[in-house]
Amino acid sequence: MTAIRTTCPYCGTGCGLLVTPDGKGGIAVKGDPAHPANLGRLCSKGTALAETVGLAGRILAPQVGGQPATWDSALDLVADRFRRAIADHGPDSVAFYLSGQMLTEDYYVANKLMKGFIGSANVDTNSRLCMASSVAGHRRAFGSDTVPGTYEDLDCADLVVLVGSNLAWCHPVLYQRLAAAKVARGTRVVVVDPRRTATCDLADLHLPLAPGSDAALFNAALVVLADRGAVDARFVADHVTGFGAALAEARASDPALTGLPEADLATFLDWFSSTEKTVTVYSQGINQSSSGTDKVNAILNCHLASGRIGRAGMGPFSVTGQPNAMGGREVGGLANMLACHLDIENPAHRAAVQGFWASPTIADKPGLKAVDMFSAAGSGRIRALWIIHTNPAVSMPDADRVAQAIRACDFVVVSDITATDTTRLADVVLPATAWGEKSGTVTNSDRLISRQRRALPAPGQARDDWRMIADVAARMGWGEAFAWPDAGAIFAEYAALSGVAGGLGRDFDISGLHQADYDALPPTRWPVSAAKQGGRFFGDGRFYTPDARARMLPITPRLPEARTGNRYPFRLNTGRIRDQWHTMTRTALSPRLSQHIAEPFVEVHPEDARDLGLAPATLARVTSPEGSAILRVSITDAVQRGQVFVPMHWTGDTAPSGRIDTLVAGVIDPVSGQPESKAAVVALQPFGAAWYGFAVSAAAPALLQADYWATARHAAGHRTELAGLQAPPIGRLGPAPCSPCQMPSV
Ligand SMILES: Nc1nc2c(c(=O)[nH]1)N[C@H]1C(S)=C(S)[C@@H](COP(=O)(O)OP(=O)(O)OC[C@H]3O[C@@H](n4cnc5c(=O)[nH]c(N)nc54)[C@H](O)[C@@H]3O)O[C@H]1N2
Ligand SMILES: Nc1nc2c(c(=O)[nH]1)N[C@H]1C(S)=C(S)[C@@H](COP(=O)(O)OP(=O)(O)OC[C@H]3O[C@@H](n4cnc5c(=O)[nH]c(N)nc54)[C@H](O)[C@@H]3O)O[C@H]1N2
Ligand code: SF4
Ligand SMILES: [Mo]
């Protein structure tokens with residue numbers, strides 16, 4: 001069979017793939033040499049895609065109240081419950097919680113239904129946990145959520161500063177690209193991260209700054225740019241406002257907040273001030289912070305002051321996490337945006353969107369952001385909630401409370417491909433087609449719009465996400481406005497709306513793309529319009545603010561709050577591992593990917609481990625004011641004293657006591673509403689297991705009752721680690737099933 005050109009469903013690098021179906025439900029996957037994002041390269045997760053497309057565990061039919069149901073009865077119920085909530089309690093009593101992994105077409109339909117027809121802006125997305133601070137920082141500085149540069153800038157920069165980004169594990173193909181640039185032209189690399197990560201292998205300098213102190217670092221950089229004559233006075237005079245106030249505030253801030261050794265700080269400031277071709281890449285170490293938006297603006301200040309923006313080899317570069325995090329921002333997935341980078345607060349923008357949609361209404365104020373949305377679901381303010389393509393019972397901060405809120409909410413619908421901690425709390429579960437079974441577009445970190453193309457048939461009764469939403473819209477009485485025959489027709493409508501936005505002077509304009517282009521659409525960088533094609537933004541010094549000038553902001557560094565004195569003396573940093581994707585519903589299906597790290601862990605500094613009496617490879621109990629977890633101890637000086645690191649991936653299905661978001665407080669950035677996922681406060685103690693064990697089983701273990709267990713795919717089936725506080729009675733360990741785990745003895 002011939003290979004189908006498509007795009008990887010994992011990270012925002014957006015690698016192109018060549019997928020060849022074998023005709024028996026399987027596929028072979030290769031990197032697409034013609035895709036500009038990866039030029040044929042793939043990472044471990046992309047390479048293992050073929051191992052994760054089987055139908056094991058897939059939801060194949062709608063379920064109502066845990067029982068199989070027909071599509072008609074399930075969709076009638078969803079439409080009826082949403083309609084009743086709106087009639088009785090108003091449009092703001094319903095909400096959608098979406099995902100940066102949805103296709104642009106799915107997002108467009110959901111956003112149109114909620115903002116234009118239901119008339120509420122209660123449509124938010126897991127991008128609130130991910131990109132919201134970057135979005136808010138961009139909008140404050142540029143007047144729009146615009147990523148100025150492209151990946152080519154990494155190829156031709158002289159200095160790349162990676163801030164709060166573990167690129168080696170989280171954007172591995174970009175990391176390989178940077179490594180190649182370093183070999184080719186000696187690019188200097190600086191990693192700014194409290195933790196020594198795999199990415200530091202490439203670094204000429206690692207700055208293990210104090211958690212949350214990035215704004216103090218970039219304020220220091222701004223001062224040095226000014227003092228060493230590296231400010232682009234012309235650019236500032238012609239195109240920037242706020243330089244004086246930002247510099248004054250930067251001078252008032254104390255670089256010692258970073259806790260960095262003076263010599264390392266001085267080296268960084270030397271390199272940063274003297275290298276014109278500097279790209280500052282930033283990710284969750286910046287965004288997931290109670291001062292995330294300020295940190296973003298502290299970085300943008302430096303690039304604006306030095307005029308290092310919009311030209312080859314330089315610029316601030318917020319790399320996106322999910323495959324369509326960028327697309328979701330473009331299409332209006334966030335509760336405080338309209339489609340196509342139009343502003344909800346702007347009456348002319350609202351009128352333009354409503355006019356284009358010929359819709360009965362248009363949301364006129366921002367809706368609830370993720371953390372508030374789930375609080376509202378728990379308190380009865382939200383009566384009907386539809387969760388699509390995300391697993392908030394695991395990934396939201398204060399996850400037990402979020403699970404409680406989903407349980408308490410009158411009516412919850414979840415669209416997923418497999419059973420999860422979230423689907424188990426839903427009134428209605430709708431089976432979605434997965435990657436490989438559906439068609440649409442995604443936008444990656446450098447504004448390339450790429451096609452995902454169908455390579456496999458839809459299994460069972462699974463339906464595309466956009467179609468379920470359109471089916472419900474039709475049942476709510478709006479069939480005509482939601483009557484697209486296919487994803488290409490949705491894209492065409494979206495592209496036309498972006499032309500309206502372009503006409504209003506917005507950056508996002510793809511009106512040059514038409515339905516006829518859709519099937520064969522090659523990776524295409526936006527904008528695509530009569531006025532502009534691809535390329536970088538802001539080289540001409542024109543920004544999207546009313547006076548067309550960028551804004552520098554005075555930034556006062558704010559460290560994470562102490563909250564609870566000495567009872568919780570450690571900072572909990574959380575993040576990702578190389579071979580698992582988020583809540584593991586797909587990557588954990590691959591034995592190969594499970595080999596890298598098979599169990600949740602807590603990284604502890606050797607001196608802290610000694611003081612706490614934690615021995616290597618034993619278990620620790622980690623406690624916060626919100627909850628508690630049991631994790632395997634990994635002793636390493638990659639973390640600093642007083643800090644611990646735990647991965648975010650494990651769930652009720654894979655290691656119930658390793659669900660780390662049950663410990664993370666719902667503290668948010670006041671501007672972006674993004675949670676501080678990287679600086680909770682915790683205490684540690686030995687778990688004190690009376691016994692440890694492991695089991696290898698052909699089938700997935702069921703009904704595990706041990707105090708601690710974690711299970712992973714293995715070449716032989718499944719491997720499960722177990723431990724308990726009480727020694728099992730000796731007599732029970734005979735031929736009968738092992739009592740702690742209820743598994744046949746092996
Ligand atoms: N393998 C894999 N890759 C992925 C994903 C995945 O699940 N697995 N998910 C994708 C998604 S959605 C996202 S958003 C990206 C995330 O990509 P990254 O942001 O690179 O990943 P994280 O591990 O969340 O966090 C990055 C680093 O921030 C550091 N950090 C913590 N606090 C601070 C701080 O105060 N300042 C600074 N400077 N750094 C700090 C952490 O130590 C961590 O190493 O990854 C994408 N890629
Ligand atoms: N402590 C801590 N928490 C974090 C983070 C952190 O760094 N630390 N990072 C945050 C970030 S950046 C992110 S992006 C989130 C990610 O968190 P989530 O979005 O909750 O994680 P995923 O596992 O990607 O969830 C995707 C869900 O969609 C389902 N799915 C897969 N394909 C399809 C499909 O085609 N259609 C539908 N309808 N469903 C599908 C999957 O089975 C899965 O249940 O986690 C956030 N939470
Ligand atoms: S780098 Fe990201 S997009 Fe590329 S193959 Fe790996 S996970 Fe997929
Ligand atoms: Mo993310």
Side-chain angles (χ1 to χ4, degrees), residues 7-15 17 31 37-38 41-47 49 99-103 106 126-127 129-131 162-167 169-176 192-195 197 199 207 209-214 217 282-289 295 319-323 325 388-397 399 414-418 420 422-423 430-435 437-438 444 464-465 468 560 571-587 639 645-649 651 660-661 663-664 675 677-680:
T7 313
C8 178
Y10 297 124
C11 84
T13 305
C15 294
L17 308 175
N38 59 319
R41 295 184 184 112
L42 287 184
C43 78
S44 51
K45 293 181 296 301
T47 310
L49 272 166
S99 164
Q101 295 165 67
M102 287 168 71
L103 302 172
D106 301 331
N126 62 2
S127 285
L129 321 179
C130 182
M131 303 313 304
L162 298 164
V163 197
S165 156
N166 185 7
L167 207 71
W169 281 11
C170 296
H171 299 86
V173 166
L174 270 191
Y175 178 82
Q176 290 170 31
V192 183
D193 192 315
R195 193 167 64 106
T197 63
T199 306
L207 297 179
L209 81 180
S213 66
D214 305 77
L217 180 68
Y282 53 97
S283 186
Q284 298 316 333
I286 289 293
N287 294 338
Q288 290 174 335
S289 156
K295 290 177 175 190
V319 283
T320 51
Q322 298 173 93
I388 305 176
H389 211 322
T390 177
N391 191 359
V394 181
S395 59
M396 282 284 294
V414 179
S415 304
D416 206 300
I417 59 168
T418 185
T420 69
T422 304
T423 61
L430 300 176
T433 48
W435 173 84
E437 300 158 2
K438 60 183 178 179
N444 75 348
D464 293 346
D465 283 307
M468 299 181 214
R571 279 277 165 213
L572 171 67
N573 181 3
T574 64
R576 292 155 172 82
I577 62 170
R578 191 191 70 194
D579 285 358
Q580 293 298 342
W581 178 258
H582 296 163
T583 71
M584 301 167 77
T585 59
R586 288 171 291 167
T587 41
V639 292
F645 175 82
V646 177
M648 64 170 288
H649 306 287
T651 68
I660 201 59
D661 270 308
L663 276 70
V664 176
S677 312
K678 297 215 166 349

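Order of listing sets the numbers, starting from 1, for every ligand and every atom in it.
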Could you establish whether Thr433 and ligand 2 come within less than 4.0 Å of each other, counting only heavy atoms on the residue side?
yes
Minimum-distance protein heavy atom relative to atom 44 (O) of ligand 2
Asp416 OD2, 2.6 Å
For atom 8 (N) of ligand 2, closest protein heavy-atom neighbour
Thr574 OG1, 2.8 Å
Tell me whether Cys130 has any N or O atom under 3.5 angstrom from an N or O of ligand 1.
no
Which of the atoms of ligand 3 are close to Leu42, meaning less than 4.0 Å from one of its heavy atoms?
5 (S)
What part of Gln101 sits under 4.0 Å from ligand 1 if we count only heavy atoms: the side chain, the backbone, both or neither?
neither
Heavy atoms of Pro323 and Cys8 approach each other most closely as CB-O, 4.0 Å
Just to be sure I read this right, does ligand 1 sit under 4.0 Å from the backbone of Met131, its side chain, both, or neither, counting only heavy atoms?
neither
Record the part of Met396 in heavy-atom contact with ligand 2 below 4.0 Å; permitted values are side chain, backbone, both and neither.
neither
Atoms listed for atom 2 (Fe) of ligand 3 (protein only, N, O or S, under 2.8 Å, no waters) are Cys11 SG
Restricting to heavy atoms, the pick from Tyr10, Trp581, Phe645 nearest atom 10 (C) of ligand 1 would be Trp581
Side-chain H-bond candidate by donor/acceptor type, Gln322 with Asn126, under 3.5 Å:
yes
Looking only at protein heavy atoms, which one is nearest to atom 32 (N) of ligand 2, and what is the separation?
His389 CE1, 3.2 Å
Any N or O on Asp661 sitting closer than 3.5 Å to an N or O of ligand 2?
yes
For ligand 1, find out whether one of its N or O atoms is nearer than 3.5 Å to an N or O atom of Asp579.
no
At a 4.0 Å cut-off, with the gap strictly under it, does some heavy atom of Asn38 reach an atom of ligand 3?
no
Can you pull out the closest protein heavy atom to atom 34 (C) of ligand 1? Residue, atom name and distance to 0.1 Å, please.
Gly285 O, 3.4 Å
When distances are taken from atom 13 (C) of ligand 1, the protein heavy atom at minimum range is Gly321 CA, 3.2 Å
Please confirm whether Met102 approaches ligand 2 to less than 4.0 Å, judged on its heavy atoms.
no
Would you mind running through ligand 2 and noting each atom that sits below 4.0 Å from a heavy atom of Asp465?
34 (C), 35 (O), 36 (N), 37 (C), 38 (N)
With no hydrogens and no angle check, is any side-chain donor or acceptor of His649 less than 3.5 Å from a backbone partner on His582?
yes
Are any of the N/O atoms in Thr390 less than 3.5 Å from those in ligand 2?
yes
Atom 47 (N) of ligand 2: which of Ser127, Cys11, Ser395 has the nearest heavy atom?
Ser395
Quick one: look up the protein heavy atom nearest atom 35 (O) of ligand 2 and list residue, atom name and how far away it is.
Lys438 NZ, 2.7 Å
Side chain, backbone, both or neither: which part of Thr585 has a heavy atom under 4.0 Å from ligand 2?
side chain
Flag Gln322 as yes when one of its N or O atoms lies below 3.5 Å from any N or O atom of ligand 1, and as no otherwise.
no
Please check: side-chain N/O of Asn287 versus main-chain N/O of Cys130, any donor-acceptor pairing under 3.5 Å?
yes
What do you reckon, does Thr420 have a nitrogen or oxygen under 3.5 Å from a nitrogen or oxygen of ligand 2?
no
Counting non-hydrogen protein atoms only, what is the nearest one to atom 5 (C) of ligand 2? Give residue, atom name and distance.
Gln288 NE2, 3.4 Å
Protein residue, atom and distance nearest to atom 36 (N) of ligand 1, heavy-atom basis
Asp214 OD1, 2.9 Å
Looking only at protein heavy atoms, identify the closest one to atom 26 (C) of ligand 1 and say how far it is in Å.
Gly164 O, 3.3 Å
For atom 11 (C) of ligand 2, closest protein heavy-atom neighbour:
Arg576 NH2, 3.2 Å
Closest approach of any protein heavy atom to atom 25 (O) of ligand 1, naming residue and atom:
Lys678 CE, 3.2 Å
Applying a strict 4.0 Å limit to heavy atoms, is Val394 in contact with ligand 2?
no
Does this structure show an ion pair linking Asp464 with Lys438, if we count only N-O contacts that are shorter than 4.0 Å?
no
Backbone or side chain, does any N or O of Thr418 fall under 3.5 Å from an N or O of ligand 2?
no
Protein contact to atom 43 (C) of ligand 1 [nearest heavy atom, distance to 0.1 Å]:
Asp193 OD2, 3.3 Å
Does ligand 2 come near enough to Ser99 that some N or O of the ligand is less than 3.5 Å from an N or O of the residue?
no
Among all protein non-hydrogen atoms, which one is nearest to atom 12 (S) of ligand 1, and what is the separation to 0.1 Å?
His582 NE2, 3.0 Å
Using a strict 4.0 Å cut-off to heavy atoms of His649, name the atoms of ligand 1 that fall inside it.
7 (O)
Residues two or more places apart in sequence or in another chain: which of them pass salt bridge (charged side-chain N to carboxylate O under 4.0 Å, His left out) with Asp193?
none
So which bit of Gln580 gets within less than 4.0 Å of ligand 1, heavy atoms only: side chain, backbone, both or neither?
backbone
Which part of Val319 is near ligand 1, with near meaning a heavy atom under 4.0 Å away: side chain, backbone, both or neither?
neither
Value rounded to 0.5 Å, distance of CZ in Arg41 from SG in Cys15
9.5 Å
Minimum non-hydrogen distance to atom 38 (N) of ligand 2, winning option of Ala680, Ser415, Ala434:
Ser415
Protein contact of atom 14 (S) of ligand 1 - nearest heavy atom, named by residue and atom, plus distance:
Gln284 NE2, 2.9 Å
Where's the contact between Trp169 and ligand 1, heavy-atom distance under 4.0 Å: side chain, backbone, both or neither?
backbone
Cys170 and ligand 1 - part of the residue with a heavy-atom distance under 4.0 Å:
both
